[in-house]
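All remarks here apply to the structure that follows.
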Amino acid sequence: MDTFLQACINGLMIGGFYSLMGMGQNVIFGVMKIINFCHGEMLMVGMYLAYVFYTYLGIDPYVALPLVALVMFIAGAIFQHTLITPSLGTKSFTNLLFLTVGMGILLTNGAQVLFSSDYRTITTSYSSIILSLGPITVALPRVVSFCVLIAVSIALAFFLKYTRTGKKIRAVSQNPIGAQVVGIDTKKIYMITYGLGAALAGVSGALLTLFYVINPTAGSNFGFRALIVVVVGGLGSISGAFFAGIFLGLLETLVSLFIGPSLRTLVVFATFIVILVIRQNIILRRA
Amino acid sequence: MKKKILYILIIALAVFMLILPEYIASMPYILNVFILAFYMTTMSMAWNLLGGMTGQNSIGHACFMGIGAYTATLCIVKFGLNPWVSLPIAIFVTAFITAVVFSQCFILRGPYFTLVTIAFAEAVRQIILNWDFAGKAIGLGLPYVRGNNWLLFSFKDRAIYYYIAFAMMIAVYAVMKYIDNSKLGFALKTIREDEDVAAAIGIKPLKYKVIAVVISASVSAVAGFFYACYYRYIDPNIMLQSSSVEIVLPAIIGGSAFVEGPLVGGILMVSLSEYLRNTFGGILPGINLILYAIVLIVVIRFRPTGILGFFDRRGRA
């Protein structure tokens with residue numbers, strides 16, 4: 001029972017990251033209808049940004065969060081504006097897909113050239129504090145990170161629901177031409193959206209640094225899981241992405257507890273394929 | 001007139017490729033680069049049938065190749081079969097698995113299909129990683145044979161591998177060119193442009209997509225067999241997502257709308273990237289992939305139809 005509870009807590013914590021990554025991917029996918037294949041790599045960049053801020057400037061990762069978010073937002077917006085927007089016009093899904101793939105390769109190998117492929121960690125004064133609740137133990141940074149994740153998720157949901165920009169984003173995602181007709185500058189919204197997605201990935205990365213090794217391929221695990229979260233949670237649904245992320249985290253830890261850690265990825269991916277196919281069949285039958 | 005010059009150029013290039021091993025036999029590394037380039041180009045052409053011609057972007061082709069390589073190796077090592085018998089078995093097994101899995105998955109369109117190919121490839125890799133019989137993460141080695149042995153498909157002389165790889169690439173190109181101009185090719189291209197229109201004029205999208213994936217996977221299996229026999233060792237890492245991506249890049253850079261696209265992109269990029277890896281690999285690891293990515297981004301940004309798009313005005317975006 002104790003191990004079960006412990007696994008649940010661990011799954012919840014890792015699921016929070018999948019959720020936040022999925023939300024960023026969801027906003028991008030929803031608005032531009034493209035898979036952002038460098039999402040995991042953007043998380044890795046966020047990790048390195050937090051690492052640089054901490055090691056060279058002495059800024060605590062949690063304090064550096066807004067900085068990381070800002071840098072990622074600007075970088076994402078520039079990438080979107082200079083490379084993705086011109087290609088959006090050609091309507092070629094293949095090219096857009098491999099544009100982001102190329103960006104991912106560039107980021108991974110760029111990080112490898114800059115920082116080498118060594119594993120790096122951030123150790124703060126509080127990173128070894130362990131909280132225990134009865135038989136369950138959790139490291140303090142994990143709890144703090146999880147709380148920040150929840151706060152960011154709620155803030156994002158409110159931003160999309162109630163602010164003017166958020167409403168514009170949702171309008172473009174529902175109908176880009178209609179949005180243009182009522183006077184929304186879609187290109188600007190694309191920039192904001194992509195920047196937002198990049199910032200969310202960066203924040204997830206910065207939050208991860210305190211208890212995860214930093215290396216150029218650290219993001220690849222999270223990138224594809226973010227896509228799973230988007231697809232399972234439903235397009236354009238922030239709450240769907242949130243619960244799908246938590247569900248994925250729980251599924252992974254529980255599978256590794258009951259079936260075996262080596263079969264974790266297999267079960268998750270096979271489940272994903274089955275869910276996709278069954279859902280598409282249901283959609284087709286209804287139509 | 002222009003066409004004549006082009007033909008002469010191509011024939012000259014082919015002759016040059018054929019006599020090349022005579023001159024670089026003393027430099028096994030360069031020979032290896034060429035063999036790798038031919039192999040990657042073959043894989044890229046296989047991808048292009050499904051991705052470029054049919055419009056189903058797969059990022060799981062390394063897995064098709066891996067299934068082929070693993071089936072062949074298992075047949076040779078564990079069942080003691082001759083490589084020439086294992087090859088058809090590998091092709092059949094790969095084609096069968098992909099046909100069964102993808103006939104279910106082809107109802108998914110666009111990005112969703114891409115996601116399924118990624119998940120499928122990773123799932124297969126995980127199965128191999130957990131399968132004792134297939135050597136788990138350690139991989140499988142093929143026995144070394146003394147001298148050149150055609151019966152056991154093992155050669156001491158690298159130049160023979162060079163010729164085999166070259167022949168494989170040319171043969172696959174011929175098949176692709178034939179398909180491109182055949183009824184099948186037109187059906188596939190119609191599906192790429194608009195699935196619903198294709199269905200309306202009597203082309204069954206599912207049937208043709210399955211045909212495309214079966215041919216594509218069979219060619220990948222042949223390439224996988226060659227890979228296993230050439231390196232004499234395989235491990236589950238040949239099926240990583242990054243390998244699948246590397247297979248696609250030559251086609252995109254060369255021009256995925258053209259049959260020649262992967263050929264141009266593959267020969268150019270793989271030789272360049274291998275050269276860079278050899279020269280700068282010690283100081284700056286990953287520099288070859290950075291160059292790859294930059295070329296890819298620049299090509300997509302300025303010439304969405306790939307390098308060949310420069311020469312073709314009808315080029316499709």
Side-chain angles (χ1 to χ4, degrees), chain A residues 29 33-35 37 79 82-84 86-87 89-114 116-117 216-217 220 223-224 227-228 230-231 260 262-274 276-281 283-284, chain B residues 51-52 55 57 59 101 104-105 107-116 118-127 129-130 136-137 192 240-242 245-246 248-249 251-253 256-257 283-302 304-306 316-317:
Chain A
F29 196 114
K33 303 288 177 287
I34 60 167
I35 304 182
F37 257 103
F79 173 56
T82 51
L83 292 170
I84 298 185
S87 294
T90 59
K91 296 274 173 224
S92 170
F93 163 69
T94 314
N95 278 346
L96 282 170
L97 179 72
F98 288 105
L99 192 62
T100 55
V101 168
M103 199 59 199
I105 301 174
L106 196 62
L107 290 177
T108 307
N109 291 284
Q112 198 176 344
V113 168
L114 283 177
S116 83
S117 49
T217 52
S220 58
F224 191 73
L227 285 167
I228 297 184
V230 174
V231 173
S262 52
L263 288 173
R264 187 182 67 187
T265 320
L266 175 64
V267 171
V268 168
F269 283 32
T271 316
F272 171 62
I273 296 179
V274 170
L276 257 184
V277 171
I278 289 178
R279 205 180 52 183
Q280 186 70 10
N281 270 319
I283 292 171
L284 285 182
Chain B
N57 292 296
I59 306 193
V101 173
Q104 299 304 309
C105 298
I107 50 167
L108 300 162
R109 289 188 185 182
Y112 295 101
F113 176 73
T114 310
L115 291 180
V116 160
I118 297 174
F120 172 70
E122 187 58 27
V124 170
R125 195 174 79 91
Q126 293 292 333
I127 290 174
L129 270 174
N130 287 296
K136 286 194 165 179
R192 171 185 73 193
L240 274 176
Q241 193 193 327
S242 53
V245 168
E246 272 184 65
V248 184
L249 298 187
I252 301 288
I253 291 172
S256 60
I283 333 160
L284 293 169
I287 189 83
N288 57 331
L289 287 171
I290 291 184
L291 174 96
Y292 235 129
I294 291 175
V295 171
L296 176 77
I297 291 171
V298 168
V299 165
I300 291 179
R301 172 69 184 81
F302 294 104
T305 45
R316 187 187 58 98

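Below, all heavy atoms of this structure are taken into account, side chains as well, without hydrogens, waters or symmetry copies. Here is how names work: the chains are called A, B, and so on, in the same order as the sequence lines, proteins then strands, and each is numbered from 1.
Heavy atoms of B:Ile107 lying under 4.5 Å from chain A belong to its backbone as well as its side chain. With a threshold of 4.5 angstrom between heavy atoms, B:Tyr292 does not approach chain A through any atom at all. Residue contact with chain A, scored on non-hydrogen atoms closer than 4.5 Å, involves the side chain of B:Leu249 exclusively. Using a 4.5 Å cut-off between heavy atoms, B:Val295 does not touch chain A at all. Looking at A:Leu99, the atoms closer than 4.5 Å to chain B (heavy atoms on both sides) sit in the backbone and in the side chain alike. Proximity to chain B involves both the backbone and the side chain of A:Leu276, based on heavy atoms less than 4.5 angstrom apart. Heavy atoms closer than 4.5 Å to chain B are found in the side chain of A:Phe224, but not in its backbone. Looking at B:Val116, the atoms closer than 4.5 Å to chain A (heavy atoms on both sides) sit in the backbone and in the side chain alike.
With contacts defined as side-chain heavy-atom distances shorter than 4.5 Å, the pair A:Lys33/A:Leu96 does not qualify.
Per-residue heavy-atom pair counts under 4.5 Å with chain B were compared for A:Gln280, A:Arg264, A:Met103, and the maximum is reached by A:Gln280. Comparing B:Ile290, B:Leu296, B:Val245 by how many heavy-atom pairs each has under 4.5 Å with chain A, the most go to B:Ile290. In terms of heavy-atom pairs under 4.5 Å with chain A, the best-connected choice from B:Ile294, B:Ile287, B:Ile59, B:Leu129 is B:Ile59. Chain B forms the most heavy-atom pairs under 4.5 Å with one residue out of A:Phe37, A:Phe29, A:Phe269, and that residue is A:Phe269. Counting heavy-atom pairs under 4.5 Å between each of B:Gln104, B:Arg109, B:Gln126 and chain A puts B:Gln126 at the top. Chain B forms the most heavy-atom pairs under 4.5 Å with one residue out of A:Leu227, A:Ile105, A:Val268, and that residue is A:Ile105. In terms of heavy-atom pairs under 4.5 angstrom with chain B, the leader among A:Thr82, A:Thr265, A:Asn109 is A:Asn109.
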Quiz prompt | Pair A:Val231-A:Arg279, side-chain contact (heavy atoms from CB on, under 4.5 Å): steps then yes or no | solution = CA-CA 10 Å; A:Val231 173; A:Arg279 205 180 52 183; 3.7 Å; yes
Worksheet entry | B:Ile252 and B:Val299: CA distance, side-chain angles, deciding distance, side-chain contact (heavy atoms from CB on, under 4.5 Å) verdict | CA-CA 9 Å; B:Ile252 301 288; B:Val299 165; 5.9 Å; no
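The heavy-atom pair separating A:Ile273 from B:Cys105 by the smallest distance is CG2-SG, 4.2 Å.
At least one donor-acceptor pair under 3.5 Å links the side chain of B:Thr114 to the backbone N or O of B:Asn57. Listed for the B:Ser256 side chain is no donor-acceptor partner under 3.5 Å among the backbone atoms of B:Gly52.
Here OG1 of A:Thr217 is found 10.0 Å from CG of B:Leu240. Values are rounded to the nearest 0.5 Å. Note that CD1 of A:Ile84 is 12.0 Å distant from CG of A:Asn95, once rounded to the nearest 0.5 Å.
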